[in-house]
Amino acid sequence: MSNPLATPQPHSVLPKPKYRVNRVKLAALGIALLALTLFVVNTTATYAVTFDGSTVAWVKTSREVRTIIAQLTAEAQAIYGDEVWVSGEVRFRRDRLPADTPIDTGEVLRQKLADALPLLTKGAYILVGGRNVVALASAAEAEQILSDIMEHYKQLASSNGSILTSARFEESYKILESGVRVSLIKTPEQARNILEQGYEVIQERTVQRGETLWSIAAANGLTVSDLSAANPEIKPNLIRPGQTIKLVKPQPYLTVVTTEERTYTEAIGFSTGTVEDPTKWPWERVIQTYGQNGLREKTVSIARRNGREVSRTVLSSRTLRQPVTQVVLVGTKQIPDRGTGQFIWPVVGTITSGFGWRRSGFHYGIDIAAPTGTPIKAADSGTVVEAGWTALGWTVKIDHGRGHLVTVYGHCSKLLVKVGDIVTKQQEIALVGNSYDVRLGGRSTGSHLHFEVRVDGTAVDPITYYPK
């Protein structure tokens, strides 16, 4: 029988644990893990440096950013000698560093801050037509530059004995004192160049008849290279009337308009008159009275834009000395009729070009091919009325009687007669050559004689004077 007071025995026995959990140690381990987590977070934390809502750089601490801003401010203040400040607020936003984005430090961070942060100082803007054109360190510098530009063109207008009557800026301008970003401040020399050189304006114009790229460039103060650069699709030698081309011209921000008065004397050119003299041959011209220029005193008003004359108005004009007309005696003595009316061939050879129209234009004679140096003979007796260089190269002209019938011998290599010589039929007067033809643009067409016959000044076909 069992003992009711005995301790009851369990139905099974639990195994005794090998390790006993220490609650104090568990708590210490949790604190250590939390500290490690905070350390990792703190050592990998980054900040986005923002200005006006835009991210400028990424840093680990704001200390370097503030140090660099202080350095930039001090450097600018040392240059401009005045208060320098950052326009706007730099903020630091704790954020996760984007992938593939490096932390900004050292010179990289300095350059990013210098580019992004507007460091301002006291300065002045020159406004032209309400537009900020250039910034300077002070209003005094701006005023001096404007004064220097004005003085430069005043001196130009008052040179060469002129009296300056007015000078003004064509555009409205203003000097505005304000906080100016230090990176925009220009030196006085730089500012003057900006105001005077200005900007480029593209204009279009239509090519007129007879114009070339060279004449258009000269008329607009440009170079052919300027025009070619502005019109790359145009070939310089192939422009045509009605074609539109672009002109790229510099437009200064400021234009100085001046007027001046100038009094000067100028020559009055003399005229030339002729008097017929029947005692002299037609090729004789003698000056009977030498001409003399007159003299005029003139006062004009000259308008200029940036030193370039744009108009001239005559205010008064007074003749100081009248010109003297030059009188030339022109011989009208009749040349004796020495011709027989029957021509010989001046040279023997092949006719390579006949009388009349051809590709290069109207041909007023015939071309007879012959070797250079071949003697050229007078087609008939007569008087030499011209011997020298003409549009046909070296040329001889023979009058066969009273100016009615004349023969012409062109492209010679050497002349054997002179003006006034009396020649007989078959007399050698020159040698065949290939001196160039001005009417063909200066081109040589080979060794030959260009032979003309003129009746009362009109060219006729020489072939009609030879029997078939």
Side-chain angles (χ1 to χ4, degrees), residues 115 118 123-136 141-157 159 166-176 178 180-260 301-313:
D115 292 340
Y125 286 103
I126 296 179
L127 284 68
V128 179
R131 174 184 178 184
N132 283 349
V133 172
V134 67
L136 290 122
E141 276 192 359
E143 290 170 354
Q144 186 61 52
I145 289 170
L146 295 175
S147 176
D148 289 345
I149 293 174
M150 176 63 73
E151 189 60 30
H152 171 68
Y153 291 112
K154 280 184 176 181
Q155 289 180 4
L156 284 179
S159 61
S166 69
R168 62 180 177 83
F169 284 112
E170 188 173 64
E171 299 82 6
S172 61
Y173 69 93
K174 180 181 180 181
I175 297 175
L176 176 65
S178 169
V180 177
R181 187 166 179 171
V182 295
S183 61
L184 298 180
I185 294 177
K186 304 298 182 183
T187 66
E189 182 179 357
Q190 290 171 332
R192 180 167 176 172
N193 287 338
I194 290 171
L195 291 169
E196 292 187 318
Q197 294 177 4
Y199 52 96
E200 290 184 338
V201 174
I202 299 179
Q203 300 175 348
E204 292 186 346
R205 76 184 302 279
T206 302
V207 177
Q208 304 299 314
R209 183 176 299 276
E211 287 187 324
T212 65
L213 212 61
W214 288 266
S215 65
I216 294 171
N220 290 274
L222 303 171
T223 65
V224 174
S225 297
D226 293 334
L227 287 184
S228 297
N231 302 271
E233 73 285 358
I234 293 179
K235 295 182 179 179
N237 296 324
L238 295 178
I239 65 171
R240 60 187 183 278
Q243 192 172 12
T244 299
I245 64 173
K246 298 186 179 98
L247 305 178
V248 180
K249 305 179 70 174
Q251 179 65 46
Y253 286 109
L254 283 177
T255 307
V256 178
V257 179
T258 59
T259 56
E260 65 196 79
S301 176
I302 302 173
R304 300 180 186 274
R305 298 180 78 252
N306 281 353
R308 183 177 182 182
E309 182 175 331
V310 293
S311 67
R312 179 175 293 215
T313 304

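We number each residue from 1, following the sequence as shown. This structure is a prediction, so every number in the text was calculated from the model and none was measured.
- Under the side-chain contact (heavy atoms from CB on, under 4.5 Å) test applied with Ile239, the options Leu227, Ile234, Asn231 reduce to a single match, Ile234.
- Distance check: Glu260 CD to Leu156 CG gives 9.0 Å after rounding to the nearest 0.5 Å.
- Nearest approach of Arg304 to Ala157, heavy atoms of both residues: NE-CA, 4.5 Å.
- Taking every heavy atom of both residues into account, Val180 and Ala124 meet most closely at CG2-N, 3.6 Å.
- Other residues, nucleotides and ligands place more than 12 heavy atoms under 6.0 Å from the CZ atom of Arg312.
- Side-chain contact check for Ser166 and Thr259: at least one donor-acceptor pair (N or O, by modelled atom type) lies under 3.5 Å.
- Using a distance-only test at 3.5 Å, with no hydrogens or angles considered, no donor-acceptor pair links the side chain of Ser147 to the main chain of Glu143.
- Shown here for Leu136 and Ile185, the closest heavy-atom pair between the two residues is C-CG2, 3.9 Å.
- The side-chain contact (heavy atoms from CB on, under 4.5 Å) test with Phe169 singles out one residue from Val257, Thr255, Ile149, Val128, and that residue is Ile149.
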Review point. Going through the checks in order, is the side-chain contact (heavy atoms from CB on, under 4.5 Å) test met by Asp226 and Asn220?
Key: CA-CA 11 Å; Asp226 293 334; Asn220 290 274; over 6 Å; no
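- With a 6.0 Å radius and a threshold of 12 heavy atoms from other residues, nucleotides or ligands, Arg131 has its CZ atom at or below the threshold.
- In this structure, the separation between CZ on Arg205 and CD1 on Ile216 is 5.0 Å, given to the nearest 0.5 Å.
- Here the shortest heavy-atom pairing between Thr258 and Ala167 reads CG2-CB, 3.9 Å.
- Residues Arg181 and Tyr125 share a closest heavy-atom pair of N-OH, 4.3 Å.
- Here the NE2 atom belonging to His152 is positioned 6.0 Å from the CZ atom belonging to Arg192, to the nearest 0.5 angstrom.
- The CD1 atom of Ile202 sits 13.0 Å away from atom CD of Gln251, with the distance rounded to the nearest 0.5 Å.
- For the atom pair CG of Asn132 and CG of Leu184, the computed distance is 9.5 Å after rounding to the nearest 0.5 Å.
- Taking CG of Leu195 as the reference point, atom NZ of Lys186 lies at 12.0 Å (rounded to 0.5 Å).
- For the 3.5 Å distance criterion, the side chains of Gln144 and Asp148 qualify, holding a donor opposite an acceptor.
- The 12-atom threshold is not exceeded at OH of Tyr173, counting heavy atoms of other residues, nucleotides or ligands nearer than 6.0 Å.
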